[in-house]
S.K.: 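My questions will all concern the structure given below.
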Amino acid sequence: EYIPVAIRRIVEARSDNYCEYCYSPEAFATERFVIEHIFPRVAGGRSTLNNLAWSCIGCNGHKQAKTGAIDPVTKQFVRLFHPRQQVWREHFQWDIDPTKVIGITPCGRATVLALRLNRFGVVNLRSLLVLAKNHPPKTGPASMEQLHDRDQQE
């Protein structure tokens, strides 16, 4: 399904050029980021602003058509993180070693595992960005919260 350029630009701009799941910066990615359908098209998800997220290839590939996963603590099936309806820092935080994302809610824990937010390549990239003093992101989660608040007001 074709997504108009104007919609693509809005999705990219509101992400501040970070993957809305793992918070990898697109500037250091080896592949261009993609538009991700939060609620998958195969399950009836539409190409509307409220259902689109900016995603790295890794998160998009691991998410595929998933909408939920098992929380490893409660063993319950829960919905995955929804960047348009939820605030990143309410479900995730950086570990003491900021190269790892920790899920702090059932949704966060399930998303960390399902999307493999701590996969080797992403952790390796974060390690290099820490050395360059470019991680954890200063504009990532905070700007997502601001955009979330603005979206709710509209």
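Computed from heavy atoms alone, side chains included, the values below leave out hydrogens, waters and symmetry copies.
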S.K.: For residues V101 and C22, determine if any side-chain heavy atom of one lies less than 4.5 Å from a side-chain heavy atom of the other.
M.R.: no
S.K.: Does some side-chain heavy atom of N134 sit less than 4.5 Å from a side-chain heavy atom of P25?
M.R.: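 Answer no - side chains too far apart.
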S.K.: Measure the OG1-CZ distance between T74 and R109 for me, rounded to the nearest 0.5 Å.
M.R.: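 If I round to the nearest 0.5 Å, the distance is 6.5 Å.
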S.K.: Hey, can you tell me if Y21 and F81 have their rings parallel, tilted or perpendicular (30° and 60° cut-offs)?
M.R.: perpendicular
S.K.: Output the distance between atom CG (L52) and atom CD (E12), rounded to the nearest 0.5 Å.
M.R.: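 That separation rounds to 13.0 Å.
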S.K.: If we only count heavy atoms from C-beta on, is the I7 to S47 side-chain gap below 4.5 Å?
M.R.: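 No. Closest side-chain heavy atoms not under 4.5 Å.
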S.K.: Report yes if the side chains of R8 and I35 come closer than 4.5 Å at any heavy-atom pair, otherwise no.
M.R.: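 Heavy-atom side-chain distance check passes, below 4.5 Å.
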S.K.: Hey, does the side chain of K75 reach the backbone of P72 with a donor-acceptor pair shorter than 3.5 angstrom?
M.R.: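 Here the side-chain-to-backbone pair exists.
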S.K.: What distance separates N60 CG from E31 CD, expressed to the nearest 0.5 Å?
M.R.: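 Separation between the atoms: 12.0 Å.
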S.K.: Please round to the nearest 0.5 Å and tell me the distance separating atom OG1 of T105 and atom CG of D71.
M.R.: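 Output value for this atom pair is 8.0 Å.
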S.K.: Pick out which of K63, K66, Q64 makes a side chain to side chain contact (heavy atoms under 4.5 Å, CB included) with L115.
M.R.: K63
S.K.: Considering all heavy atoms of both residues, which atom of V123 and which atom of N118 are nearest to each other, and what is their separation?
M.R.: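 What the structure gives for the nearest pair is CG2-O, 3.3 Å.
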S.K.: Mind checking the CZ-OG spacing from R126 to S24? Nearest 0.5 Å is all I need.
M.R.: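 Here the interatomic distance stands at 5.5 Å.
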S.K.: If only atom types and distance count, is the side chain of D16 paired as donor or acceptor with the main-chain N or O of Y18 below 3.5 Å?
M.R.: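 Between the backbone of Y18 and the side chain of D16 there is no qualifying donor-acceptor contact (under 3.5 Å).
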S.K.: Should K100 and V112 count as side-chain neighbours, where that means a heavy-atom distance under 4.5 Å?
M.R.: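 With C-beta onward as the side chain, the pair stays apart.
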S.K.: Are I38 and Q85 close enough that some pair of their side-chain heavy atoms sits under 4.5 Å apart?
M.R.: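 The answer is no; the side chains never approach within 4.5 Å.
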S.K.: Are F92 and I102 packed together at the side-chain level, in the sense that at least one heavy-atom pair is separated by less than 4.5 angstrom?
M.R.: no
S.K.: Under 3.5 Å, is there a donor-acceptor pair between the side chain of E26 and the main chain of F33?
M.R.: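 Confirmed, E26 side chain pairs with F33 backbone.
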S.K.: Tell me whether R119 at atom CZ has more than 12 heavy atoms from other residues, nucleotides or ligands lying less than 6.0 Å away.
M.R.: yes
S.K.: Regarding T48 and N50, do their side chains bring together a donor and an acceptor under 3.5 Å, going by distance alone?
M.R.: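 No, no side-chain donor-acceptor contact under 3.5 Å.
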S.K.: Which atom names give the shortest non-hydrogen contact between V78 and P106, and what distance separates them?
M.R.: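 The pair with the smallest heavy-atom distance is CG2-O, 3.6 Å.
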S.K.: I3, V34: one ILVMFWY side-chain cluster at the under-4.5 Å cut-off?
M.R.: no
S.K.: With the side chain counted from C-beta on, respond yes when T111 and H91 share a heavy-atom pair under 4.5 Å apart, and no when they do not.
M.R.: no
S.K.: At their closest point, which heavy atom of L80 faces which heavy atom of A114, and how far apart are they?
M.R.: CD2-CB, 3.8 Å
S.K.: Between E36, H37, R84, which is the residue that forms a side chain to side chain contact (heavy atoms under 4.5 Å, CB included) with N51?
M.R.: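 So the option named by the test is H37.
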S.K.: Testing W88, W94, F28 one by one against Y23 for a ring-ring contact (aromatic ring centres under 6.0 Å, His included), which residue passes?
M.R.: W88
S.K.: Where is the tightest heavy-atom contact between L117 and C59, given as atom of each residue plus distance?
M.R.: CD2-SG, 3.6 Å
S.K.: Can you see which heavy atom on A53 is nearest to which on P83, and at what distance?
M.R.: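 So the minimum-distance heavy-atom pair works out to CB-CG, 4.0 Å.
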S.K.: Which value, rounded to the nearest 0.5 Å, describes the distance between R79 atom CZ and T67 atom OG1?
M.R.: 6.0 Å
